[in-house]
Amino acid sequence: AQELAEACAHELYSRDAATNHLEMQMSCVSPGHAAMSMKVQPFMVQGHNTCHGGYLFTLADSAFAVACNTYNQPCVAIGCSIDYVAPGIEGDYLTAMAKERSRSGRTGNYDVEIRNQDNKLVAIFRGKSYALKGTVLPDTE
């Protein structure tokens with residue numbers, strides 16, 4: 001299961017232009033779990049001199065995407081929400097940890113916490129996934 005999760009995560013990550021463009025790094029993955037990290041860069045800062053919420057959402061969404069695709073069944077989001085707890089600031093190194101809470105039939109529920117380099121909670125994200133037909137790994141279809 002661990003090898004499959006890693007193979008699926010690396011395949012998905014290699015095809016994810018948005019995540020790679022933002023220089024997000026995948027730090028760990030296991031079935032139903034994933035961690036993605038990124039540095040808050042100058043272009044991510046909005047008018048209040050903090051990280052734009054859209055970038056925080058994108059980081060959490062990327063971790064969620066990896067976590068729900070670790071079973072070699074392609075999954076997409078059918079609903080997501082985020083609560084911003086504390087600001088991210090330029091130079092912060094943020095890590096989003098996604099954890100599967102339930103998975104049954106074609107849907108799954110995932111919680112993601114974003115924390116900074118001091119382990120301070122920045123945001124809480126919840127995503128619901130929907131499984132599609134096919135496989136994540138192209139050679140297993």
Side-chain angles (χ1 to χ4, degrees), residues 1-46 48-141:
Q2 180 63 30
E3 286 180 17
L4 179 63
E6 290 175 7
C8 291
H10 290 292
E11 177 65 25
L12 192 66
Y13 182 79
S14 73
R15 300 186 315 222
D16 190 334
T19 295
N20 283 285
H21 176 74
L22 294 174
E23 300 178 3
M24 292 181 196
Q25 300 296 315
M26 186 170 39
S27 53
C28 67
V29 65
S30 61
H33 297 77
M36 298 289 291
S37 300
M38 76 174 186
K39 183 177 181 182
V40 178
Q41 311 224 12
F43 70 87
M44 297 175 177
V45 175
Q46 41 80 324
H48 293 294
N49 211 27
T50 60
C51 185
H52 191 288
Y55 289 107
L56 297 175
F57 188 97
T58 302
L59 175 62
D61 189 43
S62 292
F64 161 57
V66 171
C68 68
N69 279 279
T70 55
Y71 300 102
N72 200 27
Q73 184 171 24
C75 291
V76 295
I78 57 172
C80 302
S81 65
I82 192 165
D83 292 315
Y84 302 106
V85 177
I89 59 171
E90 184 179 335
D92 274 354
Y93 192 73
L94 304 176
T95 300
M97 294 287 298
K99 296 180 182 180
E100 183 178 275
R101 295 299 180 198
S102 68
R103 182 172 161 261
S104 120
R106 296 186 86 155
T107 61
N109 292 286
Y110 295 78
D111 289 336
V112 183
E113 287 187 353
I114 299 176
R115 294 184 177 271
N116 69 12
Q117 65 280 354
D118 300 320
N119 203 34
K120 183 176 181 182
L121 185 64
V122 173
I124 301 166
F125 172 105
R126 172 156 274 192
K128 186 169 188 170
S129 66
Y130 181 78
L132 305 173
K133 293 180 181 176
T135 60
V136 173
L137 300 172
D139 57 349
T140 59
E141 290 189 61

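Note that these values count all heavy atoms, side chains included, but never hydrogens, waters or copies made by symmetry.
- Contact annotation: the side chain of Leu4 approaches that of Leu137 to within less than 4.5 Å [non-hydrogen atoms, C-beta and beyond].
- Between Tyr55 and Phe43, the ring planes are perpendicular. Angles over 60° get that label, and only those under 30° would be called parallel.
- Seen from the ring of Tyr71, Arg103 counts as a face-on cation partner, given the 6.0 Å and 45° thresholds.
- Across all non-hydrogen atoms, the minimal contact from Val66 to Thr70 is O-CG2, 3.1 Å.
- In this structure the side chain of Leu22 reaches within 4.5 angstrom of the side chain of Met44, judged on heavy atoms.
- Using a 4.5 Å cut-off on side-chain heavy atoms (C-beta onward), Cys75 and Tyr130 make no contact.
- Within the 4.5 Å cutoff, the side chain of Ile89 has no heavy atoms near those of the Asn49 side chain.
- A donor-acceptor pair is defined here as one N or O able to donate and one able to accept, closer than 3.5 Å; such a pair exists between the side chain of Tyr84 and the backbone of Gly53.
- Using bins of under 30°, 30° to 60° and over 60° for the plane-to-plane angle, the ring pair Phe64/Phe125 lands in the tilted bin.
- When atom types are taken as modelled, the side chain of Asp61 and the backbone of Phe57 share no donor-acceptor pair closer than 3.5 angstrom.
- Contact check for Thr95 versus Met36: no side-chain heavy atoms found under the 4.5 Å cut-off.
- Between the side chain of Asn20 and the main chain of Asp16, a donor-acceptor pair closer than 3.5 Å is present.
- Annotation: side chain of Lys99 is not in contact with side chain of Glu113 (no heavy-atom distance under 4.5 Å).
- Contact annotation: the side chain of Gln2 approaches that of Pro31 to within less than 4.5 Å [non-hydrogen atoms, C-beta and beyond].
- Looking at heavy atoms from C-beta onward, Gln41 lies in side-chain contact with Glu23 at the 4.5 angstrom threshold.
- Under a 3.5 Å cut-off, the side chain of Asn116 and the backbone N or O of Val122 do not form any donor-acceptor pair.
- Judged by distance alone, the side chain of Asn72 and the main-chain N or O of Val136 form a donor-acceptor pair under 3.5 Å.
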